[in-house]
Participant: 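Can you keep this structure in mind? I'll have questions shortly.
Side-chain atoms are counted along with the backbone in the values below, which use heavy atoms only and exclude waters and symmetry mates. Numbering of ligands and ligand atoms starts at 1, following listing order.
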Amino acid sequence: MLDINKIRADFPILKRQVHGKPLIYFDNGATSQTPQIVIDTIVDYYTNYNANIHRGVHTLSQEATDKYEEARIKIQQHFNAKHAYEIILTAGTTESVNIVSSGFSSLLKEGDEIIVSALEHHSNIVPWQMMCEKTGAVLRVIPMDEDGSLRLDLFDELLNNKTKLVFCNHVSNALGTINPIEAIIHRAHKFGAYVLIDGAQACPHIKADVQELDVDFYVASAHKMCGPTGVGFLYGKKELLEMLPPYQGGGEMIDTVTFEKTTYAGLPHKFEAGTPNICGGIAFGAAIDYMNAIGFKNIQDRENELLRYATEKLLNIDGLKIYGTTHKTSVISFNIENIHPYDIGSILDKLGIAVRTGHHCAQPIMDFYNIPGTVRASLSFYNTKEEIDFLIESIQKAKMMLS
Ligand SMILES: *Cc1c(COP(=O)(O)O)cnc(C)c1O
């Protein structure tokens with residue numbers, strides 16, 4: 001059992017007020033809040049050992065390099081990669097996906113096929129469309145079902161020997177659906193296709209084991225799992241990262257440079273051109289430690305309980321419909337009758353409640369349901385039943401005002 005008061009005390013922002021009301025933060029799917037220990041790590045870096053890494057012989061540079069490489073090892077261990085150099089530190093999920101998609105642009109040819117799921121975030125649709133335009137490869141989509149799950153039966157019909165890459169999120173950010181990535185990886189591999197899984201929305205809830213999954217690429221962002229913004233990682237199997245060309249040219253990613261020819265550095269530096277987000281990487285490591293100290297089993301148990309509680313209460317509200325009702329994380333996307341989600345979100349904000357409204361960077365899902373968007377409450381282990389009670393009360397109030 002978690003000591004919720006102790007956990008809430010770890011997050012200084014939870015003490016603030018919004019419009020004179022205590023903040024209730026239900027937008028964890030967009031970004032999670034930051035515990036004091038991660039904030040302290042950031043302050044410690046700039047206070048005590050801010051320096052550029054991998055270059056200097058001086059003490060500060062060596063300290064910063066050691067801490068940065070320690071963070072890489074924390075990420076490696078958390079996601080159980082075989083080698084630390086299979087973890088590329090990036091600016092986040094979006095950049096990680098682009099490293100892979102732009103790399104494949106030079107490997108694919110006309111007529112090759114790639115498959116994405118209907119549940120994707122825009123950051124996962126656009127890079128593949130750009131890649132297809134460049135290469136003449138064809139983009140295919142695994143359709144979704146009314147309950148927010150993927151049609152795996154139809155996935156089988158899309159797979160064939162021309163399939164080169166399959167791309168799917170582990171958890172949908174718009175609906176919270178936990179996708180059957182084990183089955184997707186297994187079936188894609190039978191046709192020799194590589195699989196890239198977007199773990200951005202899964203990483204705060206599920207500890208993925210990349211070796212057990214046998215996944216080829218796995219990506220996520222620190223800021224959805226109690227870390228800072230602007231940092232994340234790309235995991236890739238060694239031989240695949242070696243196969244992909246570098247993403248950007250610059251300092252740090254080279255071995256030797258002359259005007260005739262440059263040779264590239266080995267992994268992971270080949271994909272880490274320029275000065276990285278050093279402080280962010282180190283703070284990402286601290287966030288992983290923080291979440292593991294709480295424990296993912298405890299986090300899941302608590303979030304499942306909050307999800308059950310909130311779902312039951314929400315469904316008691318007349319005219320409220322929840323989108324995505326299958327096996328999922330603590331994300332609740334809903335609408336009330338024909339009230340625009342934005343109007344509900346604005347009233348909730350006045351009452352101190354932060355929810356997300358709109359298409360959640362997943363317009364194709366909204367088109368599937370034929371709606372402009374939803375109100376999304378995404379719960380975290382630091383939320384409480386009292387906060388949910390206040391949300392329900394406030395939604396009732398908003399509904400009265402708007403209908
Ligand atoms: C947040 C999110 C992204 C984008 O992450 P960035 O940190 O903005 O790059 C991609 N996919 C999913 C499923 C997400 O939830």
Participant: Per the side-chain contact (heavy atoms from CB on, under 4.5 Å) rule, which among V18, T357, I344 passes with D349?
Facilitator: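 In the set V18, T357, I344, the residue that makes a side-chain contact (heavy atoms from CB on, under 4.5 Å) with D349 is V18.
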Participant: Among L119, T90, T93, which residue places a heavy atom closest to atom 5 (O) of ligand 1?
Facilitator: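 That would be T93.
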Participant: Report yes if N169 has an N/O atom closer than 3.5 Å to an N/O atom of ligand 1; otherwise report no.
Facilitator: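 So ligand 1 has no N or O lying under 3.5 Å from an N or O of N169.
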Participant: Yes or no: does E120 have any heavy atom under 4.0 Å from an atom of ligand 1?
Facilitator: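 The answer is no: ligand 1 sits nowhere under 4.0 Å from a heavy atom of E120.
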Participant: Please enumerate all residues that pass ring-ring contact (aromatic ring centres under 6.0 Å, His included) together with F271, with sequence neighbours excluded.
Facilitator: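 Counting only residues at least two positions away or on another chain, F271 forms no ring-ring contact (aromatic ring centres under 6.0 Å, His included).
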Participant: Considering heavy atoms of the protein only, find what lies nearest to atom 8 (O) of ligand 1 and give residue, atom and distance to 0.1 Å.
Facilitator: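 The closest one turns out to be T94 OG1, 3.8 Å.
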Participant: Could you find the nearest protein heavy atom to atom 12 (C) of ligand 1 and give me its residue, atom name and distance?
Facilitator: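 Ranked first by proximity to atom 12 (C) of ligand 1 is D198 OD2, 3.2 Å.
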Participant: With heavy atoms under 4.0 Å as the rule, classify the contact between E95 and ligand 1 as side chain, backbone, both or neither.
Facilitator: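 No part of E95 comes within reach of ligand 1.
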Participant: In terms of side-chain geometry, is the basic nitrogen of D301 or K297 positioned less than 4.0 Å from the acidic oxygen of its partner?
Facilitator: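 The answer is yes: the pair qualifies as a salt bridge.
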Participant: Begin with the C-alpha distance, continue with both residues' side-chain angles, and end with the deciding distance and a verdict on salt bridge (charged side-chain N to carboxylate O under 4.0 Å, His left out) for R302 and E305.
Facilitator: CA-CA 5 Å; R302 172 150 185 94; E305 191 183 328; 5.5 Å; no
Participant: To check your reading of the model: name the closest protein heavy atom to atom 1 (C) of ligand 1, its residue, and the distance in Å.
Facilitator: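 Nearest protein contact, heavy atoms only, for atom 1 (C) of ligand 1 is K224 NZ, 1.3 Å.
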Participant: Please, which pairs that meet ring pair (Phe, Tyr, Trp, His ring centres under 6.0 Å) have at least one residue in residues 330-362, sequence neighbours excluded?
Facilitator: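 Found H122-H359.
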Participant: What are the atoms of ligand 1, with element, lying closer than 4.0 Å to any heavy atom of S221?
Facilitator: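 Near S221, meaning under 4.0 Å from one of its heavy atoms, ligand 1 has 5 (O), 6 (P), 7 (O), 9 (O).
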Participant: Testing Y235, F217, Y85 one by one against L241 for a side-chain contact (heavy atoms from CB on, under 4.5 Å), which residue passes?
Facilitator: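 Answer to the side-chain contact (heavy atoms from CB on, under 4.5 Å) test with L241 among Y235, F217, Y85: F217.
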